[in-house]
2 protein chains.
Amino acid sequence: MNGLNDKSRRDLFRGSLEVMVLAVLVDGKQYGYSIQKRVKEASGQMIKAGSLYPLLHRLEADGLVKAHWESDTGRDRKWYTLTPAGQQQLKSAAADWQAAFARMSGLVLPALRQITHHRVTE
Amino acid sequence: MNGLNDKSRRDLFRGSLEVMVLAVLVDGKQYGYSIQKRVKEASGQMIKAGSLYPLLHRLEADGLVKAHWESDTGRDRKWYTLTPAGQQQLKSAAADWQAAFARMSGLVLPALRQITHHRVTE
DNA sequence: TTGGATATATCGATAAGCGATATATGTGGG
DNA sequence: CCCACATATATCGCTTATCGATATATCCAA
């Protein structure tokens with residue numbers, strides 16, 4: 001009836017945020033607002049501005065992305081690009097992310113199959 | 001080099017905790033300490049006692065599990081069993097958990113493939 | 001009898017997420 | 001021309017919640 005509770009959903013999302021933001025940048029430069037929309041579109045969940053911009057600043061401080069303002073597009077936008085370190089980080093973090101889910105799936109998915117294939121009150 | 005940072009790893013784990021605990025109970029009754037070990041074994045991550053017991057109490061308060069003490073085993077142990085509501089909850093939460101993962105994978109995995117199949121500094 | 005594993009439980013300092021808020025420009029419609 | 005809404009970035013500290021620390025007790029092996 002209920003499904004995954006909001007807290008769990010938020011935690012899953014939060015734990016995937018960095019990896020998703022780096023993933024969005026793999027195809028080339030993006031600016032904050034466009035990253036926000038792409039992640040929303042892909043994941044179904046919204047990165048709030050109050051979370052996104054601090055994260056972007058941290059990624060920049062860590063040298064995983066670099067940023068530059070571009071005003072010629074009409075609007076002022078701050079474009080972000082993966083640095084080589086950011087590409088490395090995307091590679092290892094995404095692999096870890098996948099591995100973590102794979103491990104946990106080994107517990108959750110058999111249970112799901114089991115509970116799905118017999119009457120609940122049996 | 002670094003992989004998924006600790007914060008992300010913890011958030012992912014935390015967001016999967018409830019589902020994993022319910023999943024462990026699908027095969028029959030377990031007590032706190034055994035749940036802790038089974039989740040550790042399956043996920044590679046430890047539920048700290050300070051997180052596990054409050055969670056178990058909450059699940060019980062929510063009617064998803066029921067508990068009874070059994071002392072005849074030698075040791076006093078508090079055994080937990082899924083209630084019908086808990087089985088329903090496992091079913092829907094595990095399905096949601098999987099779906100959330102699948103959606104985010106749609107963003108992360110293509111990026112991982114891409115970054116893996118070309119030189120990082122290219 | 002000492003130490004380590006087993007077993008459950010509580011609690012509050014500490015850390016942090018993000019809602020709220022601020023600022024400013026572009027744009028479509030009435 | 002002005003209103004409302006979408007676009008775009010940014011900061012801050014109130015509120016919330018985690019879990020390290022701690023307490024208690026039994027069992028077993030060395």
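Please read all numbers here as calculations on a predicted model, not as lab measurements.
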**Prompt:** Say you draw a straight line from CG of L55(A) to CD of E60(A); how long is it, rounded to the nearest 0.5 Å?
**Reply:** 11.5 Å
**Request:** Classify the ring geometry between Y31(B) and W79(B) as parallel (under 30°), tilted (30 to 60°) or perpendicular (over 60°).
**Result:** perpendicular
**Prompt:** How long is the line joining CD of Q36(B) and P of dC19(D), in whole Å?
**Reply:** 13 Å
**Complete:** Atom NZ of K48(B) and atom P of dT8(C) are separated, to the nearest Å, by 18 Å
**Message:** Measuring from the side chain of K78(A) (C-beta onward, heavy atoms only), which nucleotide among dT11(D), dT9(D), dA6(D) has the closest atom?
**Reply:** dT9(D)
**Asked** In whole angstrom, what separates L56(A)'s CG from dA10(D)'s C1'?
**Response** 11 Å
**Prompt:** What is the distance from CG of D6(B) to C1' of dA15(C), rounded to the nearest Å?
**Reply:** 15 Å
**Message:** Can you confirm whether more than 12 heavy atoms, excluding those of K7(A), are under 6.0 Å from its NZ atom?
**Reply:** yes
**Request:** Report the C-alpha distance between V65(B) and T81(B) in whole Å, list the side-chain angles of each, state the deciding distance to 0.1 Å, and finish with yes or no for side chain to side chain contact (heavy atoms under 4.5 Å, CB included).
**Result:** CA-CA 5 Å; V65(B) 300; T81(B) 317; over 6 Å; no
**Request:** Between A49(A) and K37(B), name the one whose nearest nucleotide on DNA chain C is closer to the 5' end.
**Result:** K37(B)
**Prompt:** Whole Å only: how far is the OH atom of Y53(A) from the P atom of dA16(C)?
**Reply:** 23 Å
**Fill in**
Closest to the 5' end of DNA chain D, once S51(B) and H57(A) are matched to their nearest nucleotides, is H57(A)
**Message:** Rounded to whole Å, how long is the line connecting atom OH of Y33(B) with atom P of dT26(D)?
**Reply:** 17 Å
**Item:** Residue closer to the 5' end of DNA chain D, G50(B) versus G50(A) (nearest nucleotide)
**Value:** G50(A)
**Prompt:** R75(A) has a side chain; which of dA10(D), dC18(C), dT7(D) sits nearest to it?
**Reply:** dT7(D)
**Asked** What nucleotide among dT9(D), dT8(C), dG17(C) has an atom nearest to a side-chain atom of Y31(B)?
**Response** dT8(C)
**Asked** To the nearest Å, how far apart are R14(A) CZ and dG19(C) P?
**Response** 10 Å
**Interatomic distance, D76(A) CG vs dT23(C) P [rounded to whole Å]** = 17 Å
**Request:** Compare the minimum distances between each of dT18(D), dT25(C), dA9(C) and the side chain of Y80(B), then state the nucleotide with the smallest one.
**Result:** dA9(C)
**Asked** Is the shortest distance from a Lys or Arg side-chain nitrogen in D11(A) or R10(B) to a carboxylate oxygen in the other one below 4.0 Å?
**Response** no
